[in-house]
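The figures that follow rest on heavy atoms only: side chains count, while hydrogens, waters and symmetry mates do not. None of the values given here were measured: they were computed from a predicted structure.
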Amino acid sequence: MTKLNKYSSRLTQEQAQVGSKAMLYATGLREEDMKKPQVGIASTGWDGNPCNMHLNELAGVIKSAVWSHDMVGFVFHSIGVSDGISMGTQGMKFSLPSRDIIADSIEIVMQAQWYDANITVAGCDKNMPGSVMAMARVNRPSIMVYGGTISPGELNGQKLDIVSAFESYGKYLSSEISEDEMNDVLRHACPGKGACGGMYTANTMASAIETMGMSLPYSSSIPANHKEKIRDCEWAGKAIYTLLERDIKPSDIITKKSIENAVAIIIALGGSTNAVMHMLAIAKAAGIEFTIDDFQAVSERTPFLADLKPSGKYVMEDLYNVGGVPAVQKLLLEHGYLHGNCITVTGNTLEENIADLPGLLEDQNIIHPVSNPVKKTGHLQIMYGNLSPEGSVAKITGKEGTRFTGPARVFESEEDCLEGIRGGKVKKGDVVVIRYEGPKGGPGMREMLSITAAIMGAGLGNDVALITDGRFSGGTHGFVIGHITPEAQLGGAIALLKDGDTIIIDADKRILKVDLPDMELEERRNNWKAPEPKFTSGVLYKYAKSVSTASEGCVTDQ
């Protein structure tokens, strides 16, 4: 029989660990509890963000469930950054670094306290990959519980979400709506708890992690305010006991095949560009070789099926109501797009999990049939060329077309670009270039939702393209390419561009290039000098010194 407390027994069963036992008695443990396995329950809950404001309550439900199954449950906490609140400000530079700090903090507590298993309840974008990176590193029985999606807001019979708020500003700038009308949208866009409602980064990563096997069925699609979310938390307490009994660890669940499953659901649902770097980071934490080209291979063979925001019209709650992520898994498995034999946190395989579950409702329009996809291949494409010799990530749903050629309109930061849009500097046909926003140059690789939303709201969404060494929110739509590598701070070709240079984007051939001879680029490079670092102390200074490229997942544990 498997020893369930094989880690915590180092503190509770060894006679010499007198200090450990005395401190644990002080927490309220009794003598009989000292023989029980200990589960560290990590909460990323905090009051200042709708994605996370209910997670401490869910952690309490998980704790009760753990104790009811004859285990000890201890809640601890990690940090969070609200992308939606920090978006468009210098604060957004701290968002991506938070992912690795979350991973580090969970790893630290799990290892230092000798917990036998981990359950993490996560809400906003970086919480989820950060928690799974920690699980992969520590490699003890683990489950991620998603806090759930927000319900859509409503105004005058129209559904709203966080992207509606950002795009309302662009509409205000173009005089399509008044300031009062814009403020009305802001008051109604986010009605309560839960992560951003479309297939943005939070719902993308939750769906991917469930399909990879590290969350329980339906965890990614149950809305935050639904009673089933409580049952999801209760089930986690029971499931973690099964994982301990059978000694099923993340290394058994996170494999190349299960990562391919995760990427397949990302593509089918129209997920966020951020998923590329997050899946690379999870793979690295798990010791699995998985590159941007592996991501591309799955994208090429998987259809884009979902009419979900930002490019579509439905939200995650709508998907839950017609069958949820397991129903989409069932559809993909039937058509050979998933590996069904991958083990999951239920102790069963993915195929066994969904065998007896209902499929999609017949009368639904959210998920297209495989025979009539939104796009026959994936919307996420890895682009190469003289502007991105080490790769970049394009989000091409097909609605924007697949080719774009135009003059560069170069901006040195997100703020400069937003000012340029306000001042009418961006014209139809332009390729907007935002540089020095990469992981080292930003530092922190900010998301550009404020920019893309302003472009959309100003009515330029179908008439301009945007390229950057930064990244995009999952709420972004339009002709956009991010994660350009090498980034400007490292002397990548994006640093050498000038206004008026002809930029050529061809998503069919996966080419991103500037129409300049190599000799011209080399001459410009010889005259280029790297800017001084924007930070010389603190967390962003440390991040810039240690972070890898976007094409390597922006990891800091190289």
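For the side chain to side chain contact (heavy atoms under 4.5 Å, CB included) with Pro250, the lone residue among Met133, Met135, Arg140 that qualifies is Met135. Thr273 pairs with exactly one of Glu447, His483, Arg471, Gln381 by the side chain to side chain contact (heavy atoms under 4.5 Å, CB included) rule, that one being His483.
Counting heavy atoms from C-beta on, the side chains of Leu338 and Gln329 come closer than 4.5 Å. Looking at Tyr384 and Ile292, their side chains come closer than 4.5 Å, going by heavy atoms from C-beta outward. Using a 4.5 Å heavy-atom cutoff, the side chains of Thr12 and Lys35 are not in contact. Residues Pro152 and Glu317 are in side-chain contact: their nearest non-hydrogen atoms beyond the backbone lie under 4.5 Å apart. Proximity of Ile162 to Cys190: side-chain heavy atoms (C-beta onward) are separated by under 4.5 Å at one or more points.
Ser105 and Ser78 form a side-chain donor-acceptor contact under 3.5 Å, judged by distance and modelled atom types alone. Between Ser95 and Lys126, the side chains place a donor N or O and an acceptor N or O closer than 3.5 Å (distance only, hydrogens not considered). The closest side-chain donor-acceptor pair between Lys375 and Thr377 falls under 3.5 angstrom. Between the side chains of Ser164 and Asp161, at least one donor N or O lies within less than 3.5 Å of an accepting N or O. In this model, no donor atom of one side chain and acceptor atom of the other lie less than 3.5 Å apart for Thr204 and Ser272. Side chain to side chain, Asn127 and Asn52 meet the donor-acceptor criterion of an N or O pair below 3.5 Å.
Ion pairing between a basic and an acidic side chain is recognised when a charged N comes within 4.0 Å of a carboxylate O; Lys159 and Asp318 show such pairing. Taking a cutoff of 4.0 Å between a charged side-chain nitrogen and a carboxylate oxygen, Glu228 and Arg231 qualify as a salt bridge. Electrostatic pairing of Asp104 and Arg99 does not count as a salt bridge here, judged by no charged N lying under 4.0 Å from a carboxylate O. In summary, Asp247 and Lys6 engage in a salt bridge, as defined by a charged side-chain N under 4.0 Å from a carboxylate O.
Under the 30°/60° scheme for interplanar angles, the aromatic rings of His379 and Phe304 are found to be tilted. Between Phe295 and Phe290, the ring-plane angle classifies as perpendicular under the 30° and 60° cut-offs. Ring-plane geometry between Tyr115 and Phe76 is classed as parallel, the angle between the planes falling under 30 degrees on a 0 to 90 degree scale with a further cut at 60.
When all heavy atoms of Phe166 and Gly84 are compared, the pair lying nearest together is CZ-O, 3.7 Å. Considering every non-hydrogen atom in both Gly123 and Thr44, the closest pair reads N-OG1, 3.8 Å. Of all the heavy atoms in Lys229 and Pro223, the pair that sits closest is CB-O, 3.9 Å. The shortest heavy-atom contact between Pro439 and Ser548 is CG-O, 4.0 Å. The heavy-atom pair separating Cys196 from Cys51 by the smallest distance is N-SG, 4.3 Å. Smallest separation of non-hydrogen atoms from Ile85 and Gly48: CD1-O, 3.2 Å.
Between Asn56 atom CG and Ser43 atom OG the span is 4.0 Å, to the nearest 0.5 Å.
Heavy atoms of other residues, nucleotides or ligands lying less than 6.0 angstrom from CG of Asp508 number more than 12.
Identified under the salt bridge (charged side-chain N to carboxylate O under 4.0 Å, His left out) test for residues 143-154, with sequence neighbours left out: none. The salt bridge (charged side-chain N to carboxylate O under 4.0 Å, His left out) analysis of residues 279-293, with sequence neighbours excluded, yields the pairs Lys284-Asp557.
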What verdict does the side-chain hydrogen bond (donor to acceptor under 3.5 Å, both in side chains) test give for Thr344 and Thr346, after you've listed the backbone C-alpha separation in whole Å, the side-chain angles of each residue and the deciding distance to 0.1 Å? CA-CA 5 Å; Thr344 74; Thr346 65; 2.9 Å; yes
Test side chain to side chain contact (heavy atoms under 4.5 Å, CB included) on Ile288 and Ile254 and set out the steps. CA-CA 8 Å; Ile288 295 165; Ile254 305 174; 3.9 Å; yes
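Qualifying salt bridge (Lys or Arg N to Asp or Glu O under 4.0 Å) partners for Lys193, counting only residues two or more places apart in sequence or in other chains: none. In this structure, the salt bridge (Lys or Arg N to Asp or Glu O under 4.0 Å) partners of Asp33, at least two apart in sequence or on a different chain, are Arg30, Lys36. Residues satisfying the salt bridge (Lys or Arg N to Asp or Glu O under 4.0 Å) test with Glu300, not counting sequence neighbours, are Arg510. Every residue meeting the salt bridge (Lys or Arg N to Asp or Glu O under 4.0 Å) condition with Asp294, not counting sequence neighbours, appears here in chain and number order: Lys256. For Ala239, the side chain to side chain contact (heavy atoms under 4.5 Å, CB included) partners two or more places apart in sequence, or in a different chain, are Ile143, Leu216, Trp235. With sequence neighbours excluded, no residue satisfies side chain to side chain donor-acceptor pair (under 3.5 Å) with Ser68. With sequence neighbours excluded, the residues forming a side chain to side chain contact (heavy atoms under 4.5 Å, CB included) with Val322 are Leu319, Leu360, Leu361, Gln364, Ile366, listed by chain and number. In this view, Asn348 satisfies the side chain to side chain donor-acceptor pair (under 3.5 Å) rule with no residue, not counting sequence neighbours.
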Which donor-acceptor pairs under 3.5 Å do the side chains of residues 57-67 make with protein atoms, sequence neighbours left out?
from	atom 1	to	atom 2	distance (Å)
Ser64	OG	Gly60	O	3.2
Trp67	NE1	Gly73	O	3.1

Donor-acceptor pairs under 3.5 angstrom involving side-chain atoms of residues 257-271: please list them, not counting sequence neighbours.
from	atom 1	to	atom 2	distance (Å)
Ser258	OG	Ile253	O	2.8
Ser258	OG	Thr255	N	2.9
Ser258	OG	Thr255	O	3.1
Glu260	OE1	His339	NE2	2.7
Asn261	OD1	His339	N	2.7
Asn261	ND2	His339	O	3.0

